[in-house]
Amino acid sequence: MTVAPDVLAVRRLVRWFDREGPDLPWRRTRDRWAVLVSEVMLQATPVARVIPYYESWLTRWPRAADLAASSVGDAVAAWQGLGYPRRARNLHAAATVIAQSGWPDASRYQDLPGVGAYTADALRCFADEQPVLPEDVNVRRVVARRFPAGWPGAPRGRGWHAGQAMMDLGREFCRARAPRCDDGCPLRPGCPAADAGVVHEVTPVTRRQARYEGSMRQRRGFLLKALAEDGRVRVSSDPEAADSLVAEGLADRRGSLLVPAGSA
DNA sequence: GTCCAGTACG
DNA sequence: CGTACGGGAC
C-alpha cells in the first residue's frame, strides 16, 4: 500500500510548521471567543498589525459577555487603527448574541454577524479542531499552485496544524507576485507550478482599489478618529460622512453632534 | 503606488 | 456578481 505524494507533502508541511511556525499569540489558545476575535481582526489586516490589538482586546474583554457589556462605541474606539470599523461593530453584535444564547452550534457560525464562509471554517479548524481547511485568498492560491488536483486532507488529528501551516506558507513563501519557492519552501519538492514556472499565471489579479485620498473612507476614518479622541464631533464638519457612519451603526447622532454608538 | 487571514450589500 | 469598506507598512 503506497501513500500518495501529496499526502506526504502535507506531512512535510506540518513538520515544517511544528519546527518553524511563528509563535503568534492567538495560537496559544483554543478558546473560541479568542479565536473569533483574532479571525475577525485578521480579515483584510496583516498579522503584525493585529498582535497588539488582539492582546489588549482579550485583556479588556476576556469573554464575549465582557464585550457585550460594553458599548459599540467603546469597541469601535478600541479598533482605531485596525481598519474596517464595521468589524468592531460586528464583533460587538456577535458577542451580544453569544452572551444571550451561548456559543452557537458549529453549523450555525455564519449566522454570527461578520462571520462569513472563511471565518466559519477558521473557527471549526482553529477553535473546534475539526478537519476542515479554511480557504482565504492565500490558501486558495497555495492549493491552486501546489495541489491542482485538490487538497489531499490533513494527517489525522493535525488539521489545526495543517491549516496554520497553509496560512503561513501562503504568506511567507507562496506569495502572489514574487513567490520564494527556492528560499526553503517546504512544499517546493513536487510543486507543479514552480516546476512549470507558471507561478504568476495562477495568481488571480486583485482589483485595484480606488484612490484613498479624498475618499469617503478617509472622511469616515477622520470622524471616527476624532470621535475616539474627543468623544464627540460636529455633524456639520462632514454631514455626508456622519450620516454614513450613523446608517451603519458606527456612531450615533445627538442633535448637531456625532457621538460614539450606544453611549449613554 | 500596492498590498493586506473577508464580508455584506445592491 | 460587482462594489464599498481603513489605514499603516513597504
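Order of the sequence lines sets the chain letters (A, B, ...), proteins ahead of strands, with each chain counted from 1. It should be emphasised that the depicted structure is a prediction, and the values quoted were computed from it without experimental measurement.
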*Charged N to carboxylate O below 4.0 Å: is that the case for A:D238 and A:R220?*
no
_Salt bridge present between A:D121 and A:R124 (N-O < 4.0 angstrom)_ = yes
*Are any of A:Q209's side-chain N or O atoms less than 4.0 Å away from OP1 or OP2 of B:dC4?*
no
*Return no unless some side-chain N or O of A:Y212 is found under 4.0 Å from OP1 or OP2 of C:dG7.*
yes
*Is it true that the side chains of A:Q164 and A:R27 contain a donor and an acceptor less than 3.5 Å apart?*
yes
*What residues in residues 40-50 of chain A put a non-hydrogen atom under 4.0 Å from any atom of DNA chain C?*
A:A44, A:T45, A:R49
*Euclidean distance, atom OH of residue A:Y109 to atom P of B:dA5 [Å, nearest integer]*: 23 Å
*CZ of A:R175 versus P of C:dC10: gap in Å, rounded?*
13 Å
_Is the distance from the ring center of A:Y53 to that of A:W57 below 6.0 Å?_
no
*Evaluate ring pair (Phe, Tyr, Trp, His ring centres under 6.0 Å) for A:W103 paired with A:W33, printing each intermediate quantity in order.*
CA-CA 9 Å; A:W103 188 261; A:W33 168 243; 7.8 Å; no
*Determine the contact category for A:L82: base if any of its heavy atoms lies under 4.0 Å from a base atom, sugar-phosphate if only primed atoms, P, OP1 or OP2 are that close, otherwise nothing.*
base
_Which nucleotide in B:dT2, B:dT7, B:dA5 has an atom nearest any side-chain atom of A:R86_ = B:dT7
_For the backbone of A:H161 and the side chain of A:R158, can you confirm whether one donor and one acceptor N or O come within less than 3.5 Å of each other?_
no
